[in-house]
Amino acid sequence: MFLFDWFYGILASLGLWQKEAKILFLGLDNAGKTTLLHMLKDERLVQHQPTQHPTSEELSIGKIKFKVDAVVYLVDAYDKERFAESKKELDALLSDEALANVPFLVLGNKIDIPYAASEEELRYHLGLANFTTGKGKVNLTESNLRPLEVFMCSIVRKMGYGDGFKWVSQYIK
Ligand SMILES: Nc1nc2c(ncn2[C@@H]2O[C@H](COP(=O)(O)OP(=O)(O)O)[C@@H](O)[C@H]2O)c(=O)[nH]1
Ligand SMILES: [Mg+2]
């Protein structure tokens, strides 16, 4: 099963940066999308709610017709049996015309659980080992590459995803 949540508002972090953005949260069911959305609101990483409903789930990806600024793709790093399924969905998204050039932040979630996959393992199983564009500040405007990176996180422990959002925010105009 493949679901999405979405968010439209201002992404902000302690006044360090602030970007108005429409962000799609994608991933298999149980990956942590709804938990992340709630956490961002609680931490005030996300300001002001849209007038429309903030989340709408259980719609198929084929129905996405609006433009988004970034995709956050969540993977349960502990659920190794579903990596292949998650890769298949990710591949479809990466080759989707409607999402061409949209920055992708891949979050490997649940690293608080012992034996969760490492970042290297996750990159390998998602087929991203040679396709990520680099952490930190990387200027991609001339290379025509789609920004794509993997960050490991534990949403419940409030770890890791902040760096991911900071990374993706540099590619949101
Ligand atoms: N151990 C652990 N569990 C998590 C984490 N994030 C989410 N979960 C749990 O994973 C389950 C699915 O999360 P949910 O946000 O509903 O997933 P969604 O289907 O992608 O929206 C819930 O039981 C969450 O409490 C995490 O960082 N660590
Ligand atoms: Mg959900």
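Whatever order the structure lists them in is the order used to number ligands and atoms, beginning at 1. Since we're looking at a predicted model, the values are computed, not measured.
Every residue two or more places apart in sequence or in another chain that forms a side-chain contact (heavy atoms from CB on, under 4.5 Å) with Asp76 is listed here: Asn30, Tyr78, Asp79, Lys110.
No hydrogens or angles considered: nothing links the side chains of Ser154 and Tyr161 as a donor-acceptor pair under 3.5 Å.
Distances shorter than 4.0 angstrom occur between a heavy atom of Ser154 and an atom of ligand 1.
Residue-level proximity to ligand 1 for Leu36 is absent, since no heavy atom of it falls below 4.0 angstrom. Heavy atoms from both the backbone and the side chain of Thr34 come within less than 4.0 Å of ligand 1.
Of the possible donor and acceptor atoms, none in the side chain of Ser86 sits under 3.5 Å from a partner among the backbone N and O of Arg82. A distance-only check finds no donor-acceptor pair linking the side chain of Lys87 to the backbone of His125 [under 3.5 Å]. The backbone N or O of Asn139 lies less than 3.5 Å from no partner atom in the side chain of Gln170, so there is not a single donor-acceptor pair.
Identified under the salt bridge (Lys or Arg N to Asp or Glu O under 4.0 Å) test for residues 118-131, with sequence neighbours left out: Lys80-Glu121, Glu119-Arg123, Glu119-Lys135, Arg123-Glu149.
The one candidate from Leu74, Asp112, Ile111, Leu107 that meets the side-chain contact (heavy atoms from CB on, under 4.5 Å) condition with Ile155 is Leu74.
Polar contact check, Val156 against ligand 1: a nitrogen or oxygen pair lies under 3.5 Å apart. Checked by distance only, ligand 1 and Ile113 stay at 3.5 Å or farther apart across all their nitrogen or oxygen atoms.
Under 2.8 Å from the Mg ion (ligand 2) lies an N/O/S atom of Thr34, whether from backbone or side chain.
The option with the heavy atom closest to atom 6 (N) of ligand 1, from among Asn109, Leu74, Asp29, is Asn109. If you check each of Leu107, Asp112, Leu28 against atom 2 (C) of ligand 1, the one with the closest non-hydrogen atom is Asp112. Comparing Asp79, Val75, Thr35 against atom 7 (C) of ligand 1, the shortest heavy-atom distance belongs to Thr35.
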